[in-house]
Amino acid sequence: MRKRLPPVIAVLAATTVLLTPSTGIAAAPEPITIQTHGVFTGPSSAAGTFVVSGGVSDSGTYTEAFRFAGSTLHVVKTLSGQAGTITLAAQGVVVWTSPTTATFAAGHWQVVAGTGAYTELRAGGTPGAVGSADLAAGTADVVHTGEGQLR
């Protein structure tokens, strides 16, 4: 025959289980900003530096590959920081403000992979990017804003 725990012990055991933090519960999403400053390295590539702030903080170098589909720009960036790598995909509409200067509108971005501390990073936002590219200077300054969380 199985013995039952005295009611006081049963209540204490249940309370302990309920009050013990669980590692399976993710933190709430926090604001995240990814700023990139790059130079064109080819007709469909760029490289430069980045800074991530908000719910995640890091900096380092990045590379990107991009392609156009009409006026929509599709980008994949790999950010290599001190705590690991973050791969993000973005798309947005290119708005030409002069023959050599473009800005970005609409679209969205999201983290599609990570390594190191970023293996469980989930982040994304709208629009895909804010910033500009100057073809004459060969530079692109872009900011991705949204929310993110480490699970």
Side-chain angles (χ1 to χ4, degrees), residues 12-151:
L12 286 175
T15 302
T16 302
V17 169
L18 291 173
L19 294 178
T20 302
S22 170
T23 57
I25 298 174
E30 297 182 61
I32 187 169
T33 301
I34 301 172
Q35 299 177 344
T36 62
H37 174 71
V39 295
F40 295 109
T41 57
S44 60
S45 62
T49 59
F50 78 92
V51 174
V52 179
S53 59
V56 174
S57 295
D58 204 348
S59 62
T61 60
Y62 84 96
T63 59
E64 77 176 73
F66 57 87
R67 67 179 176 81
F68 289 93
S71 62
T72 301
L73 179 65
H74 298 269
V75 178
V76 175
K77 294 183 179 183
T78 301
L79 314 174
S80 299
Q82 297 173 2
T85 62
I86 299 169
T87 303
L88 71 87
Q91 68 178 24
V93 176
V94 176
V95 178
W96 293 97
T97 59
S98 81
T100 61
T101 305
T103 61
F104 312 105
H108 62 277
W109 68 272
Q110 75 177 59
V111 170
V112 294
T115 66
Y118 307 120
T119 302
E120 296 295 320
L121 176 62
R122 303 294 179 258
T126 300
V130 174
S132 64
D134 184 334
L135 300 181
T139 61
D141 294 302
V142 175
V143 178
H144 304 281
T145 58
E147 289 188 329
Q149 70 187 88
L150 287 169
R151 294 182 182 245

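Computed over heavy atoms, backbone and side chain alike; hydrogens, waters and symmetry mates excluded. Everything numeric in this text was worked out from a predicted model, so none of it was measured.
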S53 and S57: which non-hydrogen atoms are nearest, and at how many Å?
-> CA-OG, 4.4 Å
Output, in order, the C-alpha distance, side-chain angles, deciding distance and verdict of side-chain contact (heavy atoms from CB on, under 4.5 Å) for F104 and L73.
-> CA-CA 9 Å; F104 312 105; L73 179 65; 3.8 Å; yes
Scanning both residues in full, the closest heavy-atom pair of P127 with A106 reads CB-O, 3.2 Å
Could you grab the distance from atom CZ of F68 to atom OG of S44, nearest 0.5 Å is fine?
-> 10.0 Å
Do you know the tightest heavy-atom contact between A102 and V94?
-> CB-CG1, 3.7 Å
Inter-residue atom distance H37.NE2 - T49.OG1, 0.5 Å rounding | 6.0 Å
Check whether any side-chain heavy atom of Q149 sits under 4.5 Å from a side-chain heavy atom of P29, and report yes or no.
-> yes
Dump the intermediate steps for side-chain contact (heavy atoms from CB on, under 4.5 Å) on V130 and T145, then the final yes or no.
-> CA-CA 8 Å; V130 174; T145 58; 5.7 Å; no
So which heavy atom on T139 is nearest to which on F40, and how close?
-> O-CE1, 3.7 Å
Which pairs with one or both residues in residues 127-151 pass ring-ring contact (aromatic ring centres under 6.0 Å, His included), sequence neighbours excluded?
-> W109-H144
Could you tell me which non-hydrogen atom of V112 sits nearest to which non-hydrogen atom of A89, and how far apart they are?
-> CG1-CB, 4.0 Å
So L79 and L88, side-chain contact (heavy atoms from CB on, under 4.5 Å) or not? Walk me through it.
-> CA-CA 8 Å; L79 314 174; L88 71 87; 4.2 Å; yes
Within-4.5 Å side-chain heavy-atom neighbours: V56 and Y118 = yes
Flag side-chain contact, heavy atom, 4.5 Å: E30 against E147 = no
More than 12 heavy atoms from other groups under 6.0 Å of CD on Q82 = no
Measure the spacing between OG of S98 and CG of D134 and express it to the nearest 0.5 Å.
-> 7.0 Å
How far does CG of L121 sit from CD of Q110, to the nearest 0.5 angstrom?
-> 11.0 Å
Dump the intermediate steps for side-chain hydrogen bond (donor to acceptor under 3.5 Å, both in side chains) on T36 and K77, then the final yes or no.
-> CA-CA 10 Å; T36 62; K77 294 183 179 183; 3.0 Å; yes
Are the side chains of T78 and Y62 in touch, meaning some heavy atoms are under 4.5 Å apart?
-> no
Using atom types as modelled and distance alone, determine if a side-chain donor or acceptor of D58 lies under 3.5 Å from a backbone N or O of V51.
-> no
Contact check, side chains of F50 and V142, non-hydrogen atoms, under 4.5 Å | no
Test item: side-chain donor near acceptor, T97 and T101, under 3.5 Å = no
Would you check if the side chain of T115 reaches a backbone N or O of T85 as a donor-acceptor pair within less than 3.5 Å?
-> yes
Taking all heavy atoms of I32 and all of G148, pick out the closest pair and write down the distance.
-> CG2-N, 3.7 Å
From CZ (R151) to OG1 (T119), nearest 0.5 Å | 13.5 Å
